[in-house]
Amino acid sequence: MIHLISLKAVIKESESLVSLPDILLRLRRLINDPHSSADDMAKLISSDPSISAKVLKIVNSPLYYLPRTVSSISQAITLIGSKQLYALVTATSAAAIIQSAGRHIDMQSLWKHSVYSACGAKILAEKIRENADTFFISGLLCNVGTLAVVNYAPDIAGAAIGIHRKNQFPWDREKEVLGFTMAEAGGALLDAWNLPYDVITPVLFQHTPDQATEYLNGCHAMHAATRIASEILQFDSPERLDYLSSIGNSSLAAVGCRKENLAALVEEVANRSPEMFDIFTI
């Protein structure tokens with residue numbers, strides 16, 4: 001089958017189509033500069049009141065469960081590290097981009113799916129004693145590939161997202177129309193943004209966790225979390241797909257969850273997500 005766009009073309013244009021704030025690009029340069037210090041990074045982030053306030057709000061949220069209130073960016077860097085801070089600022093920036101880009105598709109639903117996925121991944125990380133904040137950030141970024149494709153080719157993206165055959169899962173439709181999934185686009189875009197691989201890999205392999213060769217628990221948790229998010233989003237939909245049945249047995253085993261416990265997990269994610277909507281909504 002001949003496809004009208006290529007993943008390579010989407011990513012090549014991504015910096016102009018889905019641009020990150022200048023402060024984030026400067027922060028990336030500081031992190032990669034062996035002569036820079038944590039103070040340099042703190043001064044840079046603190047120079048933007050909006051971003052610094054958002055970061056402090058998130059660091060002091062239940063996402064991190066820190067033992068004391070963090071009142072400065074310098075403290076935040078000391079407690080969570082510069083690379084984690086970079087991923088967090090990127091997630092915050094991507095959240096703002098997604099929420100303000102609703103020109104061609106229902107970005108509100110896309111954003112809700114991202115937050116549900118993030119909360120689901122965090123809950124699963126807690127259950128298997130993994131790094132919950134890293135899992136959360138991956139979840140928050142799980143749909144960023146959709147944003148890149150929509151901005152690059154909105155009509156084609158709309159055909160991939162908005163129409164599907166009966167009982168056809170969205171990722172199958174994406175592969176059929178585009179030749180690649182939005183997850184693959186997301187992984188490639190996050191790589192272009194120079195995010196840590198423990199954040200990128202679960203996004204890339206959210207539909208195919210058995211193909212991953214590293215960060216396996218993150219990939220399996222993301223696989224389960226994104227499907228739980230889709231299940232929650234379709235609560236009021238007349239045409240329902242059985243997203244829970246699409247969670248692979250290997251992923252259930254990896255996150256220590258039985259099929260008969262999935263309904264309770266869906267309810268837990270739905271109940272714990274509203275606080276995160278409040279924190280991240282612009």
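In this chain, numbering begins with 1 at the start of the sequence shown. Every value quoted in this text rests on a predicted model; they were computed, and no experiment measured them.
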If you measure from [atom1] on [X] to [atom2] on [Y], what distance do you get to the nearest 0.5 Å?
| X | Y | atom1 | atom2 | value |
| --- | --- | --- | --- | --- |
| L265 | E231 | CG | CD | 11.0 Å |
| L252 | N261 | CG | CG | 9.5 Å |
| D198 | T134 | CG | OG1 | 5.0 Å |
| K54 | L56 | NZ | CG | 12.0 Å |
| I23 | L30 | CD1 | CG | 10.0 Å |
| L110 | K112 | CG | NZ | 12.0 Å |

Kindly give the heavy-atom pair with the smallest separation between [X] and [Y], and that separation in Å.
| X | Y | value |
| --- | --- | --- |
| L7 | F180 | N-CE2, 3.4 Å |
| L141 | V203 | O-CG1, 4.1 Å |
| I77 | A38 | CD1-O, 3.5 Å |
| A159 | V177 | O-CG2, 4.1 Å |
| H113 | N143 | ND1-ND2, 3.0 Å |

Judged by atom type as modelled, is there a donor-acceptor pair below 3.5 Å linking the side chain of [X] to the main-chain atoms of [Y]?
| X | Y | result |
| --- | --- | --- |
| S246 | D242 | no |
| S230 | T226 | yes |
| Q234 | L241 | yes |
| N60 | T69 | no |
| N151 | L147 | yes |
| S61 | I58 | yes |
| N271 | E268 | no |
| R28 | L195 | no |
| S273 | A270 | no |

Got [X] and [Y] here, is their nearest side-chain heavy-atom distance under 4.5 Å?
| X | Y | value |
| --- | --- | --- |
| P170 | Y243 | yes |
| I247 | H223 | yes |
| M222 | L124 | no |
| L140 | W111 | yes |
| V255 | N217 | no |
| E184 | E174 | no |
| V59 | L88 | yes |
| I45 | L85 | yes |

For Q75 and T78, test the side chains for any donor-to-acceptor distance below 3.5 angstrom and give the result as yes or no.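 There is no such pair between these side chains.
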Parallel, tilted or perpendicular: which describes the rings of Y116 and F277, with under 30° parallel and over 60° perpendicular?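 Perpendicular, since the angle between the ring planes exceeds 60°.
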Can we say R26 and D22 salt-bridge, meaning some charged N sits less than 4.0 Å from an Asp/Glu carboxylate O?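 The answer is yes: the pair qualifies as a salt bridge.
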Charged N to carboxylate O below 4.0 Å: is that the case for E126 and K122?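 Between K122 and E126 there is a salt bridge, with a charged N closer than 4.0 Å to a carboxylate O.
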Is it true that, when you exclude E267 itself, more than 12 heavy atoms of the residues, nucleotides or ligands shown sit nearer than 6.0 Å to its CD?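 No, CD of E267 has 12 or fewer neighbouring heavy atoms, counting only those of other groups under 6.0 Å.
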